Undergrad: 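Pasting in a structure now, in structure tokens, and then I'll have a few things to ask.
As the structure is a computational prediction, the values presented were derived from the model and not from experiment.
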Amino acid sequence: CYIQSTRMCLIMSSTLENNFGYSGAGIYISSGGLIIVNTKFLNNHGGNYGGGCHLRGTVCLIMNSSFESNSANAGGGIAIFNWKVVIKNTKFVSNNAKRGSGGGCFMHQLIVSLIVNSSFENHFAKSKGGAVKVERAIKIMVIKSIFVNNVAVKNIYSGAMDLCEIKVLICSISQYLGNYGIQASDCLYLTEVYNVTIMKSKVSEIQATGMLGHRYINLPDYFLILY
């Protein structure tokens with residue numbers, strides 16, 4: 001499904017399955033808004049960004065949906081560029097970033113991204129962020145979500161989430177179980193992330209060097225809370 005420009009597109013109670021394309025094998029939207037509700041993205045394969053979805057310039061709401069066994073070079077499940085994103089009550093399972101980052105989800109140049117009550121399980125990324133990779137955002141919030149058995153294999157990056165150039169990061173009431181980043185952090189790897197709050201979160205089955213790795217963090221503005 002290719003949509004060049006739209007004010008708002010609604011996809012509800014649908015299944016997008018066994019599709020192939022250069023980017024966004026399931027859905028590609030170049031500009032506009034998108035609401036996805038009760039929809040399955042299964043076994044879609046993109047050659048570039050976003051096996052299930054590739055979204056650019058969008059205001060995006062994804063609810064009560066699933067992304068399973070999709071693949072692309074980056075953003076195996078979904079790739080999102082620009083604007084605001086809410087992912088709620090959604091499952092990401094066994095998606096694959098074959099050559100790049102973000103096995104489940106790749107996001108770039110966002111205003112706000114909210115991930116709430118969602119799960120990321122059994123993802124693989126050849127580069128950074130086994131489950132989620134975010135580059136350049138004003139605010140990222142991860143609330144009541146679960147990251148299980150996600151793997152990133154490039155040198156020093158994170159199995160669960162790899163975040164770069166983020167002004168505000170809030171992780172609350174979330175779980176990180178059995179994720180694996182080669183030679184670095186199993187859960188979070190932060191590069192130029194300036195205000196960080198992590199609270200009421202559970203980490204277990206650490207395999208690499210620990211929960212948190214970082215580079216170029218502005219330490220006076222950096223806060224880490226675990227309890």
Undergrad: For Asn43, does its backbone N or O pair with a side-chain atom of Ser69 as donor and acceptor, under 3.5 Å?
TA: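 Such a contact is absent between Ser69 side chain and Asn43 backbone.
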
Undergrad: Determine, step by step, whether Lys133 and Cys164 satisfy the side chain to side chain contact (heavy atoms under 4.5 Å, CB included) criterion, reporting the C-alpha distance in whole Å, the side-chain angles of both residues, the deciding distance to 0.1 Å, and the verdict.
TA: CA-CA 8 Å; Lys133 170 64 177 176; Cys164 176; 3.8 Å; yes

Undergrad: Please report the interatomic distance CD1(Ile140) to CG(Leu169), rounded to the nearest 0.5 Å.
TA: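 Reported to 0.5 Å precision, the distance equals 7.5 Å.
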
Undergrad: Side chains of Leu34 and Ile11: does their closest heavy-atom pair fall under 4.5 Å?
TA: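 In contact.
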
Undergrad: Which one of Ile62, Leu114, Ile115 satisfies the side chain to side chain contact (heavy atoms under 4.5 Å, CB included) criterion with Val86?
TA: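 Testing Val86 for a side chain to side chain contact (heavy atoms under 4.5 Å, CB included) against Ile62, Leu114, Ile115 leaves exactly one candidate, Leu114.
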
Undergrad: Answer whether the closest heavy-atom distance between the side chains of Ile3 and Cys1 falls below 4.5 Å.
TA: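 Result yes, sub-4.5 Å side-chain heavy-atom pair found.
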
Undergrad: By the definition side-chain hydrogen bond (donor to acceptor under 3.5 Å, both in side chains), identify the one residue from Glu165, Arg56, Glu135 that meets it with His108.
TA: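 The passing option is Glu135.
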
Undergrad: State, with a plain yes or no, whether a side-chain heavy atom of Ile170 is found less than 4.5 Å away from one of Lys139.
TA: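 Yes, side chains in contact.
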
Undergrad: Could you tell me whether Lys91 atom NZ has more than 12 heavy atoms of other residues or ligands within 6.0 Å of it?
TA: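 Not more than 12 within 6.0 Å, no.
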
Undergrad: I'd like to check Leu177 versus Asn149 (side-chain heavy atoms, cut-off strictly below 4.5 Å). Are they in contact?
TA: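 SC-SC contact between Leu177 and Asn149 ruled out.
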
Undergrad: If hydrophobic clusters are built by linking Ile, Leu, Val, Met, Phe, Trp and Tyr wherever their side-chain heavy atoms come under 4.5 Å apart, do Ile87 and Val93 end up in the same one?
TA: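 Different clusters.
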
Undergrad: Consider only side-chain heavy atoms of I, L, V, M, F, W and Y, link residues closer than 4.5 Å, and tell whether Val142 and Ile173 are in one cluster.
TA: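 Shared cluster, no.
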
Undergrad: Checking one residue: Phe106. Which other hydrophobic residues are in its cluster under the side-chain 4.5 Å linking rule?
TA: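 In the cluster with Phe106 are Tyr49, Phe81.
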
Undergrad: On a heavy-atom basis, which atom in Ala79 and which in Gly50 lie closest, and how many Å separate them?
TA: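 The answer is CB-N, 3.7 Å.
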
Undergrad: Tell me, please, which residues at least two apart from Ser71 pass side chain to side chain donor-acceptor pair (under 3.5 Å).
TA: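 Scan of Ser71 (side chain to side chain donor-acceptor pair (under 3.5 Å), adjacent residues dropped) gives His45.
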
Undergrad: What closest approach, in Å, do Ile111 and Lys84 show between heavy atoms, and which atom pair accounts for it?
TA: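 Smallest interatomic distance, heavy atoms only, reads CB-CG, 4.2 Å.
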
Undergrad: Write down the atom of Ala152, the atom of Gly129, and the distance for their closest heavy-atom approach.
TA: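 Residues Ala152 and Gly129, closest heavy atoms: CB-N, 3.9 Å.
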
Undergrad: Kindly write out the residues that satisfy salt bridge (Lys or Arg N to Asp or Glu O under 4.0 Å) with Arg99, not counting sequence neighbours, or none if the list is empty.
TA: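 Partners of Arg99 under the salt bridge (Lys or Arg N to Asp or Glu O under 4.0 Å) test: none.
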
Undergrad: One pair to check against side-chain hydrogen bond (donor to acceptor under 3.5 Å, both in side chains): Asn73 and Asn48. What are the steps and the verdict?
TA: CA-CA 5 Å; Asn73 284 346; Asn48 195 17; 4.6 Å; no

Undergrad: Under a 3.5 Å distance rule, please check whether Ser174 uses its side chain to pair with a backbone N or O of Ser145 as donor and acceptor.
TA: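 Yes, Ser174 side chain to Ser145 backbone: donor-acceptor pair under 3.5 Å.
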
Undergrad: For residues Ile78 and Leu55, determine if any side-chain heavy atom of one lies less than 4.5 Å from a side-chain heavy atom of the other.
TA: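 Side-chain contact under 4.5 Å: yes.
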
Undergrad: As a quick check of understanding, evaluate side chain to side chain contact (heavy atoms under 4.5 Å, CB included) for Thr191 and Leu163, giving each step before the final call.
TA: CA-CA 6 Å; Thr191 305; Leu163 310 176; over 6 Å; no

Undergrad: Is it the case that the side chain of Asn150 and the backbone of Phe120 share a donor-acceptor pair, with hydrogens and angles ignored and the cut-off at 3.5 Å?
TA: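 It does hold such a pair.
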
Undergrad: Rounded to the nearest 0.5 Å, what's the gap from CG on Leu42 to CD on Glu17? Could you check?
TA: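 Atom-to-atom, Leu42:CG and Glu17:CD are 4.5 Å apart.
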
Undergrad: Is the shortest side-chain heavy-atom distance between Val112 and Met141 below 4.5 Å?
TA: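 Yes, close enough: below the 4.5 Å cut-off.
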
Undergrad: What's the separation between atom CD in Gln109 and atom CD1 in Ile80, rounded to the nearest 0.5 Å?
TA: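 Atom-to-atom, Gln109:CD and Ile80:CD1 are 14.0 Å apart.
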
Undergrad: Quick one: name the residues clustered hydrophobically with Tyr22, using the 4.5 Å side-chain heavy-atom rule over I, L, V, M, F, W, Y, and just say none if it's on its own.
TA: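 Noted: Tyr22 shares its cluster with no other residue.
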
Undergrad: Roughly how far apart are Ile36 CD1 and Ser14 OG, rounded to 0.5 Å?
TA: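 Going from CD1 on Ile36 over to OG on Ser14, the span is 9.5 Å.
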
Undergrad: For the atom pair CD1 (Ile143) and OG (Ser118), what is the distance rounded to the nearest 0.5 Å?
TA: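 Here the interatomic distance stands at 11.0 Å.
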
Undergrad: Does some side-chain heavy atom of Glu121 sit less than 4.5 Å from a side-chain heavy atom of Ile146?
TA: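 Answer no - side chains too far apart.
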
Undergrad: Which residues satisfy the ring pair (Phe, Tyr, Trp, His ring centres under 6.0 Å) test with Tyr28, sequence neighbours excluded?
TA: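 Residues passing ring pair (Phe, Tyr, Trp, His ring centres under 6.0 Å) with Tyr28: Tyr2, His54.
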
Undergrad: Start with the C-alpha gap between Met63 and Leu61, add the side-chain angles, then the distance that decides, and say whether side chain to side chain contact (heavy atoms under 4.5 Å, CB included) holds.
TA: CA-CA 7 Å; Met63 294 181 59; Leu61 170 62; 3.6 Å; yes

Undergrad: Group every Ile, Leu, Val, Met, Phe, Trp and Tyr by side-chain heavy-atom contacts under 4.5 Å, then state whether Phe20 and Leu16 land in the same group.
TA: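 Hydrophobic grouping puts Phe20 apart from Leu16.
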
Undergrad: Can you name the closest pair of heavy atoms from Gly51 and Ala72 and give their distance?
TA: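 Looking at all heavy atoms of both residues, the closest pair is N-CB, 3.5 Å.
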
Undergrad: Just so I know, are the side chains of Phe147 and Met161 near enough to count as touching, which here means a heavy-atom distance under 4.5 Å?
TA: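 Counting from C-beta outward, Phe147 and Met161 do come under 4.5 Å.
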
Undergrad: For the OG atom of Ser101 and the CE atom of Met107, what is their distance to the nearest 0.5 Å?
TA: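 It is 12.5 Å, given to the nearest 0.5 Å.
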
Undergrad: Of Asn19, Asn95, Asn96, which is the lone residue that meets side-chain hydrogen bond (donor to acceptor under 3.5 Å, both in side chains) with Asn70?
TA: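 The option that passes is Asn95.
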
Undergrad: Over all heavy atoms of both residues, which pair between Ala97 and Ala74 is shortest? Give the atoms and the distance, please.
TA: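 So the two residues come closest at CB-CA, 4.1 Å.
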
Undergrad: Checking Phe67 now: which residues fulfil ring pair (Phe, Tyr, Trp, His ring centres under 6.0 Å) with it, not counting sequence neighbours?
TA: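 With sequence neighbours excluded, Phe67 shows a ring pair (Phe, Tyr, Trp, His ring centres under 6.0 Å) to Phe41, Phe92, given in chain and number order.
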
Undergrad: Which pair of heavy atoms, one from Gly102 and one from Ala125, lies closest together, and at what distance?
TA: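 Looking at all heavy atoms of both residues, the shortest contact is N-CB, 4.0 Å.
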
